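Reviewing the structure listed below.
For clarity, every value in this text was computed on a predicted model and none was experimentally measured. For this chain, numbers begin at 1 and follow the sequence in order. Both counts, for ligands and for their atoms, begin at 1 and track the order of listing.
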Amino acid sequence: MTIADFAPESIAFSSGHYIGGKAVAAGQCIPVARPSDLVDYADLPVANADTVDHAVADAARAVASSGWATRPPRERARSMRRWAELIEERAVELGRLEALGSTRPIAQAVTGDVASVAEGIRFFSEWADKLGGEVAATRHDHLGLIVSEPYGVVGAITPWNFPLSMASWKVGPALAAGNAIVLKPSELTPFSTVRLAELAVEAGIPAGIFNVVQGNGLVTGDALSRHPGIAKLSFTGSTRTGIAVMKAAAESGIKPVTLELGGKSPQLVFADADLAKAAACIAGSLLANAGQACVAGSRLIVQRTVMDELIGLLKGRLATVTPGPTWKASTGYAPIISETQARRIDRILAESSQQGAECLLGGGRIEGHGGAFYQPTLLANVTAQTAAVREEVFGPVLTIQAFDDEKEGLALADHPEYGLAAGVYTADLGRGLRAMRALKAGTVWINRYSRTLDFILPTGGYKSSGIGKDLGRQAVEANLRHKTVLIDIGV
Ligand code: NAD
């Protein structure tokens, strides 16, 4: 597929909420800026508690009357497959909308994000008739059943870094399980999710099953988190917000909450590793979305004897990036989402430098573009207390720490707060597996780093990186509750 440049002004989109299959404009507006040039390009209505209530009520009506949960599950699967096909047919349109307002360059948005969203929806559709429940081994004169049922209306809140993908990870399993969903995208990247919902209706998924409420966290996100009509809540975002969401959810009653939160993932490289491959994986992780990924492998923990060689290889791979507006097909390197986030990176680097960190590469902005772009940055001479090691930077910053033996390497890899992902590079399978056992992380990649299209593998964090899983069978199971049935069948 040839991907062409596009003019940002040429992209049309619906800027309101999407409730019950209709565009709804309600609420005071806030401006939305394009990360590529920081130009305000749209106004976003902020849904207040009444609008959120309207969306939850419409979703509940759709659950009661559309037959989404009660139709034969294979019909649900068929509608979802049709939806995936439509997403693929509209890949360029969706990719442009994603690229327009987010950090995702158009080429990556179309061939990466949108393609993966379509395949992910297809993956989830396949679970529609696979998780009905179990027959339990009870006493012989009884029959025990564990019956899986959808919750009804579930809620979801998503971050800005991969807007379409993050939405699909929530909507796919919720719908396959027979629920309706009310989803709030990030106010920084709100519009592509609405198009995803419109295409769902076009594909035959009943209106009201996939609703989008727009707005910020403190008003809309909070109202959704504490709405008593939301039977289950799924959130992806920072750990700080995750705590607020969990608290608000608990204050309005008891409901399960899935939290996919921040990370500070280690890249543990042993001296026997294929260093060229390790460098490629580590640099790839740092450059992907300019480090604005939850699983960014942002802490290099390397065996001292190969440290200099690996740093040399990394410098080579990180020296050349291709920043540019996300609407140019030649752009390969993402802008930072906002000036506020870029200033946060400035602050963490300044604090780290005051603490003694030595900058081996980068360390500042890439000037000459409208938006905020950051140089890939390598920081040595750091400790566990250095700001860039302690805090999730959410930018292209890699800290470097050396170790002498396995025990020390594993101790350094362990982060006191986060446990989302980890990379291990070694030629010794036994050592790789020992490290896998020891690392307190929800995902461990050995001799590779980053996800594949193997959606069967769930993702989620240990420690303050989260509770529960997105993707995999586990994500669908999390959208089902279980009823126990015991039947006396006589003798
Ligand atoms: P954020 O926490 O600032 O916002 C996430 C979402 O929560 C947004 O939609 C926001 O409007 C909403 N929100 C903010 N305050 C709220 C409140 N009080 N109540 C309810 N909702 C509220 O995060 P972000 O900056 O959008 O995203 C970056 C963060 O997301 C990083 O920490 C990153 O690691 C994390 N993330 C995690 C995963 C994962 O799978 N673990 C994936 C992607 C991103």
Pick, from Gly466, Gly155, Ala421, Cys294, the option with the minimum heavy-atom distance to atom 37 (C) of ligand 1.
-> Cys294
Can you list the ligand 1 atoms lying under 4.0 Å from a non-hydrogen atom of Leu420?
-> 41 (N)
Should you measure from each heavy atom of Thr236, which atoms of ligand 1 turn up under 4.0 Å away?
-> 5 (C), 36 (N), 37 (C), 38 (C), 39 (C), 42 (C), 43 (C), 44 (C)
Is there a donor-acceptor pair under 3.5 Å between the side chain of Arg481 and the backbone N or O of Tyr151?
-> yes
For ligand 1, the portion of Phe162 having any non-hydrogen atom under 4.0 Å away = neither
Flag the pair Gln355 / Arg390 as yes when at least one side-chain heavy-atom distance between them is below 4.5 Å, and no otherwise.
-> yes
What atoms of ligand 1 come closer than 4.0 angstrom to any heavy atom of Pro185?
-> 9 (O)
Between Leu196 and Leu94 the two heavy atoms that sit nearest each other are N-CD2, 4.5 Å
Compute the shortest N/O to N/O distance between Ser238 and ligand 1 and return yes if it is under 3.5 Å, no if not.
-> yes
Ligand 1 to Lys184 polar contact by distance, N or O atoms, under 3.5 Å | yes
Which of these, Ser186, Ala223, Gly237, Pro159, has its nearest heavy atom closest to atom 35 (C) of ligand 1?
-> Gly237
The atoms of ligand 1 lying under 4.0 Å from a heavy atom of Glu187, numbered in the order shown, are 10 (C), 11 (O)
Nearest non-hydrogen protein atom to atom 21 (N) of ligand 1, with distance, is Gly221 CA, 3.5 Å
Here the atoms of ligand 1 under 4.0 Å from any heavy atom belonging to Met166 are 42 (C), 43 (C)
When rounded to the nearest 0.5 angstrom, what is the spacing between CZ in Phe6 and CG in Leu97?
-> 8.5 Å
Distance filter under 4.0 Å to Ser225 heavy atoms, resulting ligand 1 atoms = 20 (C)
May I ask you to identify the nearest protein heavy atom to atom 17 (C) of ligand 1, giving residue, atom name and distance to one decimal place in Å?
-> Gly217 O, 3.5 Å
Should the pair Glu98-Arg104 be classified as a salt bridge under the 4.0 Å nitrogen-to-oxygen rule?
-> no
Between the candidates Glu260, Gln292, Met246, Glu392, which shows the shortest non-hydrogen contact distance to atom 40 (O) of ligand 1?
-> Glu260
If you measure every N/O of Thr158 against every N/O of ligand 1, is any gap under 3.5 Å?
-> yes
Considering Ile157, Ile337, Leu471, which one's heavy-atom position lies nearest to atom 12 (C) of ligand 1?
-> Ile157
